[in-house]
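Notes follow once the structure below has been shown.
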Amino acid sequence: MKSDFLKYQAQTTPHPLALEITHAKGSYIYDTEGNAHLDFVAGVSACSLGHCHPRVVKAVQEQAATYMHVMVYGEYVQKPAVAYTKLLASLLPEGLETTYLVNSGTEAIEGALKLARRVTGRSQLISARHAYHGNTMGSLSIMGFEERKAAFRPLIPDVAFIRFNSKDDLKKITEKTAGVVLETIQGGAGFIEPKNDYLKNVRQRCDETGALLILDEIQPGFGRTGKLFAFEHYGCIPDILVMGKGMASGLPVGAFTASRKMMASLQISPKLGHITTFGGNPVIAAACLATLGEITETGLIAQTLEKEIVFRKLLKHSLIKEIRGKGLMLALILENSDIANHLVLTCAKKGLILFWLLFEPKAVRISPPLTISINEIEDGCGTILEVLKMYGQ
Ligand SMILES: Cc1ncc(COP(=O)(O)O)c(C=O)c1O
């Protein structure tokens with residue numbers, strides 16, 4: 001299977017990890033050689049409830065047997081999408097009551113960028129250095145990492161960049177700015193949190209200039225940082241909230257949420273301001289509903305912070321310079337990228353799944369399922385410490 005994978009399935013890295021999967025359950029992924037791999041990555045923060053969570057599986061199976069795709073987005077009334085967007089609205093602050101469901105995080109960002117331009121009638125988009133918002137042309141245009149963009153230029157015009165956490169740079173936001181797009185906690189950059197009321201200051205500057213604040217919660221959303229959405233930690237409510245990844249616990253989905261008034265602008269001049277065939281797909285919406293129900297009806301969100309404490313307590317080693325992030329969105333910052341690579345690759349051989357971050361080569365991601373147990377955390381941290389102890393010997 002591996003040689004066919006390398007031959008027929010398009011590759012975008014020279015050396016994919018190429019683990020051959022048979023099945024996955026809870027916090028473990030199983031390979032064709034019968035090995036169990038403890039998953040500290042959760043499909044890059046996507047499998048919030050672990051693998052094949054019974055509530056999600058049941059919801060998907062029942063909906064798949066009832067109806068799957070019946071019409072393009074937004075024409076027919078389909079219970080899973082209606083129930084889901086209603087539940088989401090009940091959990092979000094006022095002004096974030098209408099949700100457009102799409103197929104991926106990057107499509108949700110595209111929708112948010114279009115909405116910001118459409119609502120304000122302005123064109124400039126501002127994002128942050130080292131920002132990652134996805135890989136379609138709009139998202140790529142606001143990516144703050146030139147090395148990954150240069151080959152695809154020209155990208156969309158009228159994009160400017162600010163330094164995340166720099167109050168000085170906020171003066172670049174002006175009456176010409178349609179939207180300011182920020183990850184609430186920067187992911188690819190190395191799990192960088194906003195500091196010293198940064199997001200409140202961005203909010204204020206957006207209010208002064210009429211620019212819309214778009215927060216990308218595709219990675220930190222859905223309980224991963226100890227709140228349903230990370231913006232709740234920082235006292236700052238966006239005009240447009242973008243989500244994805246963990247919302248369906250492992251199925252492809254994204255969404256952007258705004259006020260009913262703003263969202264209504266996508267209905268006129270031109271109508272069909274955003275079109276998607278599969279957005280709001282009933283099977284995926286059923287998985288979203290089951291995931292959100294499980295996250296909010298159990299103690300999972302609060303446990304996220306308790307589990308963070310366990311990780312921070314256990315992962316003490318001279319080669320770990322810092323642990324960044326919040327809740328179960330953690331990054332080990334190693335002394336250098338060689339150690340980071342060694343850690344990811346050697347742990348993989350020992351049955352522990354870790355992964356890199358996009359733009360910070362010294363970092364190793366720890367973003368396990370929210371459902372991970374304390375025993376599993378202890379096991380995995382034991383492997384990490386064992387590998388670091390052996391490093392260089
Ligand atoms: C913060 C952030 N925004 C956007 C995206 C893009 O989401 P997707 O890969 O579903 O298009 C990601 C994915 O890693 C992300 O982490």
Side-chain angles (χ1 to χ4, degrees), residues 10 12-13 41-48 99-116 125-145 148-149 152 155 159 161 164 179-194 199 213-225 229-231 233-234 238 240-257 274 276 278-281 284 287-288 291 324-331 355-360 363 365-368:
T12 56
T13 64
V41 176
V44 186
S45 304
C47 307
S48 11
T99 295
Y100 193 128
L101 296 166
V102 293
N103 305 283
S104 63
T106 198
E107 189 192 354
I109 290 286
E110 299 288 339
L113 299 181
K114 287 165 72 183
L115 185 60
L125 299 166
I126 291 188
S127 76
R129 277 178 56 191
H130 297 149
Y132 182 76
H133 297 287
N135 248 268
T136 48
M137 281 300 194
S139 303
L140 194 61
S141 304
I142 56 166
M143 181 196 285
F145 201 76
R148 300 274 169 88
K149 297 165 68 167
F152 304 104
L155 296 170
V159 173
F161 291 89
F164 194 77
V180 179
V181 193
L182 295 172
E183 293 159 87
T184 310
I185 297 176
Q186 282 202 306
F191 290 6
I192 315 275
E193 277 188 78
L199 288 181
L213 175 59
I214 302 168
L215 286 183
D216 177 342
E217 291 254 2
I218 289 167
Q219 184 149 205
F222 295 97
R224 184 154 288 284
T225 71
F229 290 100
F231 69 77
H233 292 291
Y234 306 108
I240 306 175
L241 172 65
V242 186
M243 52 198 120
K245 281 197 189 279
M247 70 191 276
S249 203
L251 288 179
V253 67
F256 57 105
T257 300
H274 188 72
T276 161
F278 289 121
N281 177 277
I284 293 183
C288 289
T291 304
R324 290 203 201 126
K326 219 176 180 55
L328 291 177
M329 182 177 168
L330 298 174
F355 209 54
W356 297 272
L357 295 188
L358 272 173
F359 309 139
E360 173 48 272
R365 146 196 301 278
I366 296 184
S367 57

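Atoms within a ligand are numbered from 1 in the order they appear, just like the ligands themselves. Not measured: the values here are computed from a predicted model. Heavy atoms only: backbone and side chains are in, while hydrogens, waters and symmetry mates are out.
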Taking atom types as modelled and ignoring hydrogens, do the side chains of His233 and Thr225 form a donor-acceptor contact shorter than 3.5 angstrom?
->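 The answer is yes; a qualifying pair exists.
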Exercise: do Glu107 and His274 side chains pair donor with acceptor under 3.5 Å =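 Yes, because at least one side-chain N or O of Glu107 sits under 3.5 Å from a partner of the opposite role on His274.
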Counting distance only, does the side-chain N/O of [X] pair as donor-acceptor with the main-chain N or O of [Y] below 3.5 Å?
{"X": "Glu183", "Y": "Tyr132", "answer": "yes"}
{"X": "Ser48", "Y": "Gly246", "answer": "yes"}
{"X": "Ser139", "Y": "Asn135", "answer": "no"}
{"X": "Arg224", "Y": "Leu328", "answer": "yes"}

Could you tell me the residue and atom name of the protein heavy atom closest to [atom], and the distance to it rounded to 0.1 Å?
{"atom": "atom 16 (O) of ligand 1", "value": "Lys245 CE, 3.4 Å"}
{"atom": "atom 11 (O) of ligand 1", "value": "Thr106 N, 2.8 Å"}
{"atom": "atom 6 (C) of ligand 1", "value": "Gly134 CA, 3.6 Å"}
{"atom": "atom 3 (N) of ligand 1", "value": "Asp216 OD2, 2.7 Å"}
{"atom": "atom 7 (O) of ligand 1", "value": "Gly105 CA, 3.4 Å"}

For Tyr132, atoms of ligand 1 separated by under 4.0 Å from a heavy atom =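 By the 4.0 Å cutoff, the relevant atoms are 1 (C), 2 (C), 3 (N), 5 (C), 12 (C), 13 (C), 14 (O), 15 (C).
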Is any heavy atom of the protein nearer than 4.0 Å to atom 9 (O) of ligand 1?
->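 No, no protein heavy atom sits under 4.0 Å from atom 9 (O) of ligand 1.
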